[in-house]
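Heavy-atom basis, side chains included; hydrogens, waters and symmetry copies ignored.
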Amino acid sequence: VQLQASGGGLVQAGGSLRLSCAASGRTFNSLNMGWFRQTPGKEREFVAAISWSGSPTYYADSVLRRFTISRDNAKNTVYLQMNSLKPEDTAVYYCSAKLSYSFPHVGSTGRGWYDYWGQGTQVTVSS
């Protein structure tokens with residue numbers, strides 16, 4: 001499985017961006033997907049996750065009610081809609097995937113649970 005993230009960029013505080021992550025292969029319907037982010041000197045942190053079936057979804061408290069994760073299995077793509085962006089959302093965003101029909105809440109929020117990672121896309125929010 002190869003993951004290609006895109007959609008990052010520079011946006012003013014309060015603005016919106018939509019990240020996309022395209023997955024190769026024919027196993028997308030079996031993939032649980034996640035988004036993480038990382039800033040220099042800090043560990044990669046969980047942002048959002050979505051099960052292979054599209055439900056349930058989980059979010060970090062810091063992005064709840066501002067970010068929405070979704071997927072289009074016909075396009076082998078997962079999305080992260082980011083609204084009301086804040087300067088503290090500035091980071092490199094990574095998509096991740098786990099091939100499994102199990103989707104535990106605690107497990108899916110940990111970066112060690114995922115098997116595959118994309119290359120990252122930079123999001124910069126100016127104040």
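Between the side chain of Arg111 and the backbone N or O of Arg44, at least one donor-acceptor pair lies under 3.5 Å. Although no hydrogens or angles enter the test, the distance criterion places a donor-acceptor pair under 3.5 Å between the side chain of Trp52 and the main chain of Tyr101. Put simply, the side chain of Thr124 never gets that close to the backbone of Thr90: no donor and acceptor are under 3.5 Å apart.
Neither Leu19 nor Phe36 shares a network with the other; the hydrophobic side chains, linked directly or stepwise wherever heavy atoms of I, L, V, M, F, W or Y lie under 4.5 Å apart, form separate groups for each. Both Tyr116 and Leu80 are part of a single hydrophobic cluster, where members link through side-chain heavy atoms under 4.5 Å apart. Hydrophobic cluster membership is shared by Trp35 and Val63, with clusters built from Ile, Leu, Val, Met, Phe, Trp and Tyr side chains linked at under 4.5 angstrom. Following chains of ILVMFWY side-chain contacts shorter than 4.5 Å, one can reach Met33 starting from Leu64, so the two form part of one hydrophobic cluster.
Side chains of Val123 and Arg37 form no contact here, defined as non-hydrogen atoms less than 4.5 Å apart. Between Leu3 and Tyr94, every side-chain heavy-atom pair lies at or beyond the 4.5 Å cut-off. When side chains are defined from C-beta on, Val78 counts as touching Cys21, because their heavy atoms get closer than 4.5 Å. Counting only heavy atoms from C-beta outward, the side chains of Arg65 and Asn83 never approach each other to under 4.5 Å. Residues Ser108 and Tyr114 form a side-chain contact, since some pair of their non-hydrogen atoms from C-beta on lies under 4.5 Å apart. With contacts defined as side-chain heavy-atom distances shorter than 4.5 Å, the pair Phe67/Leu85 qualifies.
The two residues Ser127 and Pro87 make their nearest non-hydrogen contact at CB-CG, 3.8 Å. When all heavy atoms of Ala23 and Phe28 are compared, the pair lying nearest together is CB-CD1, 3.5 Å. For the residue pair Ser51 and Asn32, the shortest heavy atom distance occurs at CA-OD1, 3.3 Å. Taking all atoms of both residues into account, the shortest heavy-atom contact from Ser30 to Leu99 is CB-CD1, 3.4 Å. Considering every non-hydrogen atom in both Gly7 and Thr121, the closest pair reads N-OG1, 4.1 Å. When all heavy atoms of Thr77 and Ser20 are compared, the pair lying nearest together is CG2-CB, 4.2 Å.
Taking CZ from Phe103 and CD1 from Ile50, the interatomic distance works out to 7.5 Å, rounded to the nearest 0.5 Å. Taken to the nearest 0.5 Å, the CH2 atom of Trp117 stands 4.0 Å off from the OG atom of Ser96. A distance of 7.0 Å separates CD of Gln81 from OG1 of Thr68, quoted to the nearest 0.5 Å. Atom CD of Gln38 is separated from atom CD of Glu45 by 9.5 Å, given to the nearest 0.5 angstrom. Distance check, rounded to the nearest 0.5 Å: CD of Glu88 to OG1 of Thr39 gives 11.5 Å. Between atom CG of residue Asn76 and atom OG1 of residue Thr27 there is a gap of 8.0 Å, rounded to the nearest 0.5 Å.
In this structure, a donor-acceptor pair under 3.5 Å is absent between the side chains of Ser102 and Ser100.
The neighbour count for Gln119 CD, taken as heavy atoms of other residues, nucleotides or ligands under 6.0 Å away, is above 12.
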Please lay out, stage by stage, how Phe46 and Tyr58 fare under the test ring-ring contact (aromatic ring centres under 6.0 Å, His included).
CA-CA 10 Å; Phe46 170 74; Tyr58 303 125; 7.8 Å; no

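For Trp113, there are no ring-ring contact (aromatic ring centres under 6.0 Å, His included) partners two or more places apart in sequence or in a different chain.
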